Amino acid sequence: MTDSWATFGADLHLEPVGQGLRSGLMEALREAVRSGRLTPGTRLPSSRVLAADLGVARNTVADAYAELVAEGWLTARQGSGTRVARRSAPRRADPAAAPSRPARSGAGYNLKPGSPDLSAFPRTAWLRAARKALTAAPDEAFGYGDPHGRVELRTVLAEYLARARGVYADPERIVICSGFAHGLTLLGRVLRRRGVRDVAVESYGLDVHRDLLTDAGLRTPCLPLDEHGSRTGGPAALRGAGAVLLTPAHQFPTGVPLHPDRRAAAVDWARSTGGLILEDDYDGEFRYDRQPVGALQGLDPERVVHLGTASKSLAPGLRLGWMVLPRSLVGEVVAAKGVSDWTSGSPDQLTLAEFIASGAYDRHVRSMRLRYRRRRDQLVAALAERAPGIEVSGIAAGLHAVLELPAGAERSVIQAAAFQGLALDGLARYRHPDAPAARDALVIGYGSPSESAWAGALDALCRVLP
């Protein structure tokens with residue numbers, strides 16, 4: 001081994017650091033990026049060329065590249081080669097301020113819940129569907145659009161939701177929106193105009209959803225939550241509420257399905273009071289250990305609004321969602337949306353319609369179900385081996401798991417993870433302000449990392465657990 005490993009352009013050398021071939025190469029590349037000798041966007045030699053230049057095995061270079069891609073130092077894309085990643089420039093430190101902690105290069109792993117594996121988006125199949133859909137699209141499809149959404153998409157969604165989720169749907173009941181948040185915003189406006197003041201929510205959930213309802217002028221009292229889901233029964237459970245927001249198939253974030261008795265109690269409440277159930281079908285398609293839990297909407301289509309999206313099954317960037325509404329609500333929701341569809345582009349709606357109709361959507365969901373189940377199993381196995389005192393729950397479905405922690409450990413574990421470059425969320429992050437603090441836990445989103453980053457993210461997680 002020589003003192004100068006390789007040259008990428010004028011006077012740019014990588015120096016060995018005595019850590020072994022792969023580790024030394026990785027650290028030399030990191031230092032070249034830190035110092036600015038390798039600028040963002042710079043294309044690196046192929047693993048074959050660099051291995052020959054260095055006189056090392058090609059696998060050594062390939063493994064170093066793969067690890068640096070996982071850490072965020074490099075990017076790799078078919079046809080574009082391996083390049084230096086574009087990283088945010090660090091802020092210049094205030095010389096008068098003492099550093100709060102030593103600088104440390106992190107792996108940049110993200111295990112926060114709420115996102116699928118974006119690297120698995122079916123680009124080729126989506127492009128094929130887009131070509132076919134746009135070729136057959138009528139000229140009027142490129143106008144401002146019907147606020148109901150494209151009839152082609154509503155038609156195939158009605159068939160798919162009935163088959164896959166047990167939803168009673170026909171195209172006239174469906175309104176397309178740009179995601180769950182958009183749908184909830186529209187429903188909040190309609191409920192407020194109807195005179196509703198309170199929409200009950202689960203004691204653990206996303207604060208952004210509560211905020212959307214609050215912005216519409218609605219109060220959001222919380223329902224108690226236990227191992228059977230939200231407590232919808234009893235005389236005081238939903239007293240005074242005009243609607244309730246539930247995640248019955250797979251409660252977010254605790255992961256429990258709503259017990260059948262509580263599903264029935266919620267529907268009985270809606271029928272007896274004229275209230276509405278807003279069903280967030282969160283992760284409904286990703287169930288691993290038994291058949292998916294059917295949608296609550298099938299119990300009473302006139303009292304339940306079913307909301308779904310392509311955000312978890314495909315990608316949130318598509319901005320495509322849907323509401324299956326009681327007949328009496330369709331006109332009001334469409335009026336709230338406006339005289340034209342300003343939110344979801346017709347070409348994307350037509351593409352999704354073709355994607356579903358061709359069977360590509362079913363094939364993609366089946367493929368991702370297998371991938372996420374494998375990750376879930378690897379997570380459980382790794383914890384059993386390396387953190388046997390950690391109990392795991394909420395893993396029968398979805399893209400996340402709940403890891404129980406010793407009392408008082410949640411905040412310290414999250415801080416330790418951040419120091420290691422690992423992004424985590426604690427259960428407290430999702431607690432309603434009026435709900436009592438019940439337990440310390442982590443909410444681990446195992447769907448987010450790419451395949452190449454998953455092993456590293458799992459290892460980083462195990463290192464910070466108590």
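No experiment lies behind these values; they were computed from the predicted model shown. The figures here come from the full heavy-atom set of this structure, side chains too, leaving out hydrogens, waters and symmetry mates.
- One N or O on the side chain of Ser344 and one on the backbone of Cys177 form a donor-acceptor pair closer than 3.5 Å.
- Annotation: side chain of Pro257 is in contact with side chain of Arg287 (closest heavy-atom distance under 4.5 Å).
- Sparse packing is recorded around CZ of Arg411, with 12 or fewer heavy atoms of other residues, nucleotides or ligands lying under 6.0 Å away.
- Between the side chain of Glu202 and the backbone N or O of Gly205, no donor-acceptor pair lies under 3.5 Å.
- Using a distance-only test at 3.5 Å, with no hydrogens or angles considered, no donor-acceptor pair links the side chain of Thr220 to the main chain of Thr214.
- Once rounded to the nearest 0.5 Å, the distance linking CG of Leu296 with CZ of Arg303 reads 12.5 Å.
- When atom types are taken as modelled, the side chain of Glu410 and the backbone of Ala428 share a donor-acceptor pair closer than 3.5 angstrom.
- Between the CZ atom in Arg173 and the OH atom in Tyr168 there is a gap of 5.5 Å [rounded to 0.5 Å].
- A distance of 5.0 Å separates CD of Gln251 from CG of Leu225, quoted to the nearest 0.5 Å.
- A distance of 6.0 Å or more separates the ring centres of His250 and Phe286.
- We find that Arg150 and Asp146 are not joined by a salt bridge, their nearest charged nitrogen and carboxylate oxygen being 4.0 Å or further apart.
- Between Leu307 and Leu184 the shortest heavy-atom distance is CD2-N, 4.3 Å.
- With Arg154 contributing its side chain and Gly149 its backbone, the two residues share a donor-acceptor pair below 3.5 Å.
- With hydrogens and angles left out, the side-chain atoms of Thr232 and Ser230 include no donor and acceptor closer than 3.5 Å.
- Between the CG atom in Leu238 and the CG atom in Asp198 there is a gap of 10.5 Å [rounded to 0.5 Å].
- For Arg131, the CZ atom counts as loosely surrounded, since its 6.0 Å shell holds 12 or fewer non-hydrogen atoms of other residues, nucleotides or ligands.
- A donor-acceptor pair is defined here as one N or O able to donate and one able to accept, closer than 3.5 Å; such a pair exists between the side chain of Arg197 and the backbone of Gly195.
- With values rounded to the nearest 0.5 angstrom, Tyr446 atom OH is found 8.0 Å from Leu379 atom CG.
- Taking the ring centroids of Phe180 and Tyr282, they lie at or beyond the 6.0 Å cut-off.
- One finds the OG atom of Ser203 at 7.5 Å from the CG atom of Leu223 (value rounded to the nearest 0.5 Å).
- Under a 3.5 Å cut-off, the side chain of Asp440 and the backbone N or O of Leu405 do not form any donor-acceptor pair.
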